[in-house]
Amino acid sequence: MRGNNWDIFCSVVDNFGDIGVCWRLARQLAAEHSLQVRLWVDDLASFQRLCPEIDPLRSVQSQHGVEVRHWTAPLPCSEAGRQADVVIEAFACELPPDYLAAMAARPVKPVWINLEYLSAEDWVSGCHGAASPHPRLPLTKHFFFPGFTTGSGSLLREAGLIPQRKAWQADPEAAWRQLGMAPAKPDETSVSLFCYDNPALPELLDAWSAGDAQLRCLIPEGKALAQAAGHLCAHPLQPGDSFRQGNLTVYALPFLSQENYDRLLWSCDLNFVRGEDSFVRAQWAARPSVWHIYPQEDAAHHAKLNAFLDMYCTELSAPAAAACRSFWQLWNQATSTGMVAAWPEYWRHRTELSRHATHWASRLAEQVDLASQLVNFCENLL
Ligand code: TRH
């Protein structure tokens with residue numbers, strides 16, 4: 001490829017999804033496409049949560065084959081001068097004005113990509129790849145939309161991901177031990193929980209504790225853990241703590257490295273995930289999952305949730321599809337009622353849901369992965 005130098009700009013708005021996606025993409029472009037990648041991140045402390053090797057005090061560092069740069073304003077002039085062949089602004093974060101001006105001043109303009117948020121909605125394939133000329137500068141930005149269909153930019157998937165997951169899942173006991181946890185007891189269901197503040201969570205915990213089967217719920221440090229602790233024991237749970245009530249045992253985990261979080265998803269029977277990146281990773285785990293979608297002020301997230309459910313539930317039997325739809329919708333409502341009845345109704349379909357999750361992951365893996373599609377797309381523009 002002619003343009004070997006890529007710059008990715010990532011602004012951490014809130015949460016971890018922006019840096020989670022950018023970090024995976026940057027690593028994959030470097031490792032699998034031999035590109036020189038600079039990842040500009042404005043919040044190294046958040047980055048360090050999912051990649052513990054990051055030193056938040058170092059403005060330039062090399063990690064996993066990627067040059068990580070602290071994105072401060074203004075960018076030093078020398079940096080704006082050495083422009084990349086491909087410039088990615090992730091999730092519409094605005095490029096620094098000096099940098100943009102330097103892009104416009106170059107005789108051969110770089111490829112400029114806006115990497116968009118993931119959606120299963122129909123309009124995605126119509127907008128994927130669309131060009132948008134800059135109103136003043138001689139530059140054109142292209143929109144790159146991740147998605148689930150061939151008309152979209154696909155999903156991030158590293159070359160070895162599926163074989164690695166299968167090898168991990170082939171020996172569950174060893175896998176749990178490698179995560180530093182005891183293997184699940186026979187007939188015990190393991191569930192991971194990652195969500196925003198959720199009014200349905202207390203009722204779900206009650207349903208689990210009153211349920212007729214043992215369930216262990218593994219919760220990394222964060223909002224979900226604080227909410228669960230507040231409901232169950234009225235005191236904070238620290239990583240390493242556990243709390244038992246009825247048939248439910250809650251285990252408080254530290255916030256895991258991204259690598260270990262993926263492995264946790266591979267090990268659990270059911271994963272509650274949120275946002276964008278953990279949602280995709282739960283699909284690669286090939287286990288049933290429940291999505292807490294990032295809530296938008298104009299309630300646009302409901303259409304996004306339904307679009308995914310329409311796609312995901314098509315090949316389920318009518319009762320399993322109905323149970324899946326209603327459970328996911330309850331989990332995403334502003335009110336909490338209905339969980340106690342919805343949980344057993346959802347989980348009685350676990351065999352079918354598990355089979356479907358495996359089938360869904362294999363089908364998605366037939367698509368060309370996002371990083372490869374992005375490289376092809378940019379090559380055609382260079
Ligand atoms: O953190 P999020 O809620 O991110 C969100 C979404 O991306 C949303 O679309 C965006 O608009 C908003 O941020 C600003 O959820 P998400 O996308 O799942 O990202 C979480 C990342 O954190 C993911 O890369 C997995 C990682 N993670 C760990 O590495 N360790 C952990 O222990 C956990 C729980 C998560």
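Keep in mind that the numbers below use all heavy atoms, side chains included, and drop hydrogens, waters and symmetry copies. Atoms within each ligand, like the ligands themselves, are counted from 1 in listed order.
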For atom 4 (O) of ligand 1, the protein heavy atom that lies nearest, with its residue and separation: Gly17 N, 2.9 Å

Geometric N/O contact Leu50 with ligand 1, under 3.5 angstrom: no

Element-labelled atoms of ligand 1 that are located less than 4.0 Å from some non-hydrogen atom of Pro220: 32 (O), 34 (C)

Between His70 and Trp40, ring centroids under 6.0 Å: no

Any side-chain donor near an acceptor of the partner, Asp55 and Gln48, under 3.5 Å: no

Donor-acceptor pair, side chain of Glu158 and main chain of Gln28, under 3.5 angstrom: no

Within reach of ligand 1, part of Tyr117 (heavy-atom separation under 4.0 Å): side chain

Distance (rounded to the nearest 0.5 Å) between Leu193 CG and Asn271 CG: 10.0 Å

Charged N-O contact under 4.0 Å between Asp310 and Arg325: yes

Atom indices of ligand 1, in the order listed, that fall short of 4.0 Å to a heavy atom of Gly20: 24 (O)

Taking atom 14 (C) of ligand 1 as the reference point, the nearest protein heavy atom with its distance: Asp14 OD1, 2.9 Å

Numbered atoms and elements of ligand 1 in range of Asp18, under 4.0 angstrom, heavy atoms: 14 (C)

Nearest non-hydrogen protein atom, atom 13 (O) of ligand 1: Asn15 CB, 3.6 Å

For atom 24 (O) of ligand 1, the protein heavy atom that lies nearest, with its residue and separation: Asp277 OD2, 2.5 Å

Residue pair Phe143 / Asn114, side-chain heavy-atom distance below 4.5 Å: yes

Identified side-chain contact (heavy atoms from CB on, under 4.5 Å) counterpart of Asn5 within the set Asp85, Val37, Val87: Asp85

Lys/Arg cation over aromatic Trp331: Arg274, 6.0 Å, 45° cone: no

Side-chain donor-acceptor pair present, Ser154, Asp369, cut-off under 3.5 Å: no

Close side-chain approach of Trp23 to Cys51, heavy-atom, < 4.5 Å: yes

Tyr196 neighbourhood, listing ligand 1 atoms whose heavy-atom distance to it stays under 4.0 Å: 2 (P), 3 (O), 5 (C)

Atom 6 (C) of ligand 1 - nearest protein heavy atom and its distance: Gly275 CA, 3.6 Å

Identity and separation of the nearest protein heavy atom to atom 35 (C) of ligand 1: Phe255 CZ, 3.5 Å

4.0 Å heavy-atom contact, Ser257 with ligand 1: yes

Ligand 1 to Val13 polar contact by distance, N or O atoms, under 3.5 Å: no

Protein heavy atom at shortest distance from atom 12 (C) of ligand 1: Tyr294 CE1, 3.7 Å

Protein heavy atom at shortest distance from atom 2 (P) of ligand 1: Arg274 NE, 3.4 Å

